[in-house]
Amino acid sequence: VVDIGLDVLGEEIVNVSQELLSAAAVQELIDQRFVESSAAHKGTRGHLLVAGGSAGFYGAPKLSALGGLVGGAGLATALLPADGISAEAGDYLEVMCSGSGGSTGTCLDRLSVADFTAAFEQKHAVVIGPGLGHGDESAEFLTGALKAIKESNVPIVLDADALNLI
């Protein structure tokens, strides 16, 4: 494990835990993925939420959500700015989309935190960052989203622009 200097968030925003996965642990997770009862269906495989997207990058969260489905999630929802819903309509039919108006409709911002909070309930994992953008509005969304999810036990992955914002 290498320190990449992401302690900027601090405990006041998010509870951070880490786990180093060995090759054997990853293999066990993969093996468990394929051991299912005859009653298994998409609703028993977990629901992933991916929050991100901004003007010109609306496809990034959808692509990440599709990767989650390929990786074993039963359901995946992309939380996009409102403009991203129509801009990318139909690209990935397997991914459900939820729009957030925010203040401009072109990026997730502080006004989108309420939509995120409602969206992450009943989800089993959350990804924030693909295509999120680098502006102040995106940083406000990230801070608010992390504060909202802080007390939950939902695993969260910060990726792409979320890491850049930190």
Side-chain angles (χ1 to χ4, degrees), residues 2-18 42 45-166:
V2 177
D3 182 2
I4 59 173
L6 296 182
D7 59 352
V8 176
L9 287 176
E11 282 294 314
E12 69 277 359
I13 294 179
V14 64
N15 293 324
V16 178
S17 66
Q18 59 188 9
K42 65 183 177 183
R45 300 290 301 268
H47 194 159
L48 172 66
L49 173 65
V50 180
S54 58
F57 300 96
Y58 296 126
K62 287 187 174 184
L63 187 60
S64 294
L66 185 61
L69 290 171
V70 171
L75 299 165
T77 299
L79 176 66
L80 303 166
D83 289 358
I85 298 295
S86 59
E88 300 291 327
D91 285 352
Y92 302 108
L93 299 177
E94 303 90 339
V95 176
M96 296 176 282
C97 294
S98 179
S100 176
S103 58
T104 66
T106 60
C107 69
L108 298 177
D109 60 20
R110 63 181 171 75
L111 298 178
S112 303
V113 174
D115 295 324
F116 171 81
T117 302
F120 91 77
E121 292 182 17
Q122 308 300 318
K123 301 302 185 286
H124 299 96
V126 174
V127 175
I128 301 176
L132 187 62
H134 302 124
D136 292 341
E137 297 91 352
S138 299
E140 290 174 358
F141 168 77
L142 177 61
T143 300
L146 291 175
K147 285 180 180 178
I149 204 169
K150 179 179 180 179
E151 299 304 320
S152 78
N153 290 322
V154 176
I156 184 169
V157 173
L158 300 179
D159 188 30
D161 287 341
L163 293 174
N164 291 327
L165 288 168
I166 293 172

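Computed from a predicted structure; not experimentally measured. Hydrogens, waters and symmetry mates are skipped; everything else that's a heavy atom, side chains included, is used.
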Engineer: V50 versus P130: any side-chain heavy-atom pair under 4.5 Å?
Structural biologist: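 Answer yes - side chains close enough.
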Engineer: Sequence neighbours left out, what pairs pass ring-ring contact (aromatic ring centres under 6.0 Å, His included) with at least one residue falling in residues 146-166?
Structural biologist: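 Matches after skipping sequence neighbours: none remain.
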Engineer: Look up atom CG in L49 and atom OG in S64, then write down how far apart they are to the nearest 0.5 Å.
Structural biologist: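 Reported value, rounded in 0.5 Å steps: 11.5 Å.
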Engineer: Just verifying a value: how many Å separate E137 CD and E140 CD, rounded to the nearest 0.5 Å?
Structural biologist: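 So the CD of E137 and the CD of E140 are separated by 6.5 Å.
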Engineer: Cut-off 3.5 Å, no hydrogens considered: what does the side-chain donor-acceptor table look like for residues 73-81, sequence neighbours left out?
Structural biologist:
residue : atom : partner : partner atom : Å
T77     : OG1  : H47     : NE2          : 2.7

Engineer: If every non-hydrogen atom of G46 is compared with every non-hydrogen atom of H124, which pair is closest and at what distance?
Structural biologist: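 Heavy atoms of G46 and H124 come nearest at CA-ND1, 3.3 Å.
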Engineer: Test I128 against I149 for side chain to side chain contact (heavy atoms under 4.5 Å, CB included), laying out the working first.
Structural biologist: CA-CA 11 Å; I128 301 176; I149 204 169; 5.7 Å; no
Engineer: What side-chain donor-acceptor pairs closer than 3.5 Å can you find for residues 159-166, not counting sequence neighbours?
Structural biologist:
residue : atom : partner : partner atom : Å
D161    : OD1  : H134    : NE2          : 2.9
D161    : OD1  : N164    : ND2          : 3.3
D161    : OD2  : L132    : N            : 3.2
D161    : OD2  : G133    : N            : 2.7
N164    : ND2  : H134    : NE2          : 3.4

Engineer: Output yes when a side-chain donor or acceptor of K123 lies under 3.5 Å from a complementary backbone atom of A119, and no otherwise.
Structural biologist: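 Flag set: sc K123 to bb A119 pair under 3.5 Å.
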Engineer: Enter the distance from T117:OG1 to E121:CD here, rounded to the nearest 0.5 Å.
Structural biologist: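 Rounded to the nearest 0.5 Å, the OG1-CD separation comes to 8.0 Å.
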Engineer: Please report the C-alpha distance between L108 and D115 in whole Å, then the side-chain angles of each, then the deciding distance to 0.1 Å, and finally whether the side chain to side chain contact (heavy atoms under 4.5 Å, CB included) criterion is met.
Structural biologist: CA-CA 10 Å; L108 298 177; D115 295 324; over 6 Å; no
Engineer: Which heavy atom of F57 sits nearest to which heavy atom of P61, and what is that distance?
Structural biologist: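 In terms of heavy atoms, the two residues are closest at O-CD, 3.6 Å.
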Engineer: Calculate, to the nearest 0.5 Å, the distance between atoms CG and CZ belonging to L146 and F116 respectively.
Structural biologist: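 One gets 7.5 Å once the value is rounded to the nearest 0.5 Å.
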Engineer: Give, for atom CG of L93 and atom NZ of K62, the distance between the pair rounded to the nearest 0.5 Å.
Structural biologist: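 Output value for this atom pair is 9.0 Å.
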Engineer: Would you compute the distance between atom CG of D109 and atom OG of S100 and round it to the nearest 0.5 angstrom?
Structural biologist: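 D109 atom CG to S100 atom OG measures 7.0 Å (nearest 0.5 Å).
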Engineer: Testing the basics here: between V113 and F141, what is the closest heavy-atom pair and its distance to 0.1 Å?
Structural biologist: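 For V113 and F141, the tightest heavy-atom pair comes out as CG2-O, 3.9 Å.
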